[in-house]
*Asks:* 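Below you will find the structure I want to go over with you.
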Amino acid sequence: MEKRGNRVEGSEPGEKKPFYSRPRQPRPESKSEFVFGIQPVLEAIRAGKEIDKLLIQRELGNIEVLEFARLRNIPTQKVPKQKLDQITRKNHQGVIAFVSAINYAKLENVVANVFEQGQTPLILILDRVTDVRNFGAIARTAECAGVQAIVIPAKGGAQINSDAMKTSSGALNFLPVCRENDLLETVRFLQNSGIQVVACTEKVSKTLYEVDLTVPTAVIMGSEEDGISENLLRTADELVSIPMSGRVASLNVSVANGILLYEAIRQRLG
């Protein structure tokens, strides 16, 4: 992140920013990780491939593909033909599916398994973290810290592709990732399961060092752009911030994530 004078480039004096900063430029999606054409996409869905997102040409709206996507809860977006042409110049027939590099886990099964094994849950929820490299770095730290699962939204999150796998240094091969349609309902499910939900935000004075993280905990980290959604902030059990003393009042979301997770580890070891 660039500094000019005493302020962050792109912000106005006095303007509040999330304490983790937006990355410079996301990498383009790898061309080896999508399937295009109506029949190839349908075959991929029928074969049980994990689809991160499905792009369908706005003017076509293929009914069969849309129906299959709805039945499998695949995130779908209608886009202009120009968008599809930018991804591939081959005959895509108005349909492109991005294939995930992992298989998603069911959060209910993960939580039940953690309690059955006598472990104290430490779950990570990522609210619209979009940068692939940030996601990979977060996953790497989370796996090292003993996090039992990462929860991501079905729409608005980073694509889990080869860049994410590489940045995670293989952590995504071991760490369950759960894709949920509604993060608000997910938070309520965790609370009903006896897990406190802690949201990391710059909007409060209470610091992460003032909260008990030795109990079953789920941590929410927000997007690089605007932090955690207001509805999640209102629902969380605790809102905490990371103390900042420097002139640049923001941290990369991956760094902020590491600070909070390892405070939980410090408390639990202590």
Side-chain angles (χ1 to χ4, degrees), residues 20 102-129 134-154 157-158 160 164 168-201 204 206-223 227-229 231-242 253-270:
Y20 29 80
I102 64 168
N103 292 321
Y104 294 105
K106 291 187 177 297
L107 183 60
E108 296 87 349
N109 295 344
V110 172
V111 170
N113 187 53
V114 169
F115 279 122
E116 286 172 5
Q117 292 183 3
Q119 300 175 352
T120 302
L122 183 57
I123 308 293
L124 180 59
I125 303 172
L126 301 182
D127 178 23
R128 298 166 296 123
V129 172
N134 273 341
F135 179 82
I138 287 169
R140 181 177 182 177
T141 301
E143 203 282 328
C144 290
V147 167
Q148 289 104 351
I150 292 180
V151 180
I152 61 173
I160 304 179
S168 79
S169 292
L172 287 168
N173 291 316
F174 308 103
L175 180 61
V177 178
C178 308
R179 185 170 65 180
E180 300 295 324
N181 290 322
D182 189 334
L183 288 187
L184 185 59
E185 288 302 316
T186 299
V187 165
R188 290 170 177 158
F189 161 74
L190 292 170
Q191 291 170 327
N192 291 335
S193 301
I195 299 173
Q196 75 165 347
V197 177
V198 178
C200 196
T201 173
V204 295
K206 189 174 187 178
T207 72
L208 71 163
Y209 307 115
E210 301 173 67
V211 176
D212 183 6
L213 300 174
T214 63
V215 301
T217 300
V219 173
I220 308 178
M221 305 300 298
S223 84
I228 298 171
S229 304
N231 60 346
L232 295 180
L233 289 175
R234 288 192 297 268
T235 309
D237 300 297
E238 296 280 1
L239 304 182
V240 300
S241 62
I242 296 175
V253 62
S254 172
V255 175
N257 167 74
I259 291 170
L260 204 152
L261 291 183
Y262 271 90
E263 171 57 18
I265 298 304
R266 185 194 68 80
Q267 291 187 20
R268 294 180 182 200
L269 291 177

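Everything numeric in this text was worked out from a predicted model, so none of it was measured.
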*Asks:* From Asp237 CG over to Gln191 CD, what is the distance, rounded to the nearest 0.5 angstrom?
*Replies:* 4.5 Å
*Asks:* For the backbone of Asn134 and the side chain of Ser254, can you confirm whether one donor and one acceptor N or O come within less than 3.5 Å of each other?
*Replies:* no
*Asks:* Enter the distance from Leu183:CG to Leu190:CG here, rounded to the nearest 0.5 Å.
*Replies:* 10.0 Å
*Asks:* For a side chain to side chain contact (heavy atoms under 4.5 Å, CB included) check, start with the C-alpha distance between Glu238 and Lys206, then their side-chain angles and the critical distance, and finish with the verdict.
*Replies:* CA-CA 9 Å; Glu238 296 280 1; Lys206 189 174 187 178; 2.9 Å; yes
*Asks:* Of all heavy-atom pairs between Ala171 and Ala139, which one has the smallest distance, and what is that distance?
*Replies:* CB-O, 3.7 Å
*Asks:* For a quick test of reading the model, state the closest non-hydrogen atom pair linking Ala164 to Phe135 and the distance between them.
*Replies:* CB-CD2, 4.1 Å
*Asks:* Any chance you could lay out the side chain to side chain contact (heavy atoms under 4.5 Å, CB included) test for Phe189 and Asp182, step after step, and finish with the verdict?
*Replies:* CA-CA 11 Å; Phe189 161 74; Asp182 189 334; over 6 Å; no
*Asks:* Shortest non-hydrogen contact from Asn257 to Met221?
*Replies:* N-CE, 3.6 Å
*Asks:* Could you state the interatomic distance from CD1 (Ile242) to CD1 (Ile259), rounded to the nearest 0.5 Å?
*Replies:* 4.5 Å
*Asks:* Do Leu232 and Ile125 come close enough that some side-chain heavy atom pair is under 4.5 Å?
*Replies:* no
*Asks:* Measure the shortest side-chain to side-chain distance between Leu260 and Val240 over non-hydrogen atoms and say whether it is less than 4.5 angstrom.
*Replies:* yes
*Asks:* Do Thr120 and Thr214 have side chains that approach each other closer than 4.5 Å (heavy atoms only, starting at C-beta)?
*Replies:* no
*Asks:* Specify the closest pair of heavy atoms between Leu124 and Ile138, including all atoms of both residues, with the distance to one decimal.
*Replies:* CD2-CG2, 3.5 Å
*Asks:* For residues Val151 and Ile123, determine if any side-chain heavy atom of one lies less than 4.5 Å from a side-chain heavy atom of the other.
*Replies:* yes
*Asks:* Treating Gln119 as the side-chain partner and Gln148 as the backbone partner, does any N or O pair qualify as donor plus acceptor under 3.5 Å?
*Replies:* no
*Asks:* Working to the nearest 0.5 angstrom, can you tell me the gap between Arg179 CZ and Asn103 CG?
*Replies:* 10.5 Å
*Asks:* Any chance the side chains of Ser229 and Arg128 put a donor and an acceptor closer than 3.5 Å?
*Replies:* yes
*Asks:* Work out which heavy atom in Ile160 is nearest to a heavy atom in Val177; give both atom names and the distance.
*Replies:* CD1-CG1, 4.0 Å
*Asks:* Are the side chain of Glu143 and the backbone of Ser168 linked by a donor-acceptor contact shorter than 3.5 Å?
*Replies:* no
*Asks:* When rounded to the nearest 0.5 angstrom, what distance separates CG in Leu122 from CG in Leu213?
*Replies:* 8.0 Å
*Asks:* Is there any side-chain hydrogen bond (donor to acceptor under 3.5 Å, both in side chains) pair reaching into residues 260-270, and which pairs are they, with sequence neighbours excluded?
*Replies:* Glu263-Arg266, Glu263-Gln267
*Asks:* Working to the nearest 0.5 Å, report the span between CG of Asn231 and CG of Asp127.
*Replies:* 8.0 Å
*Asks:* Show the nearest heavy-atom pair for residues Val110 and Pro176, with the distance to one decimal.
*Replies:* CG2-CB, 4.2 Å
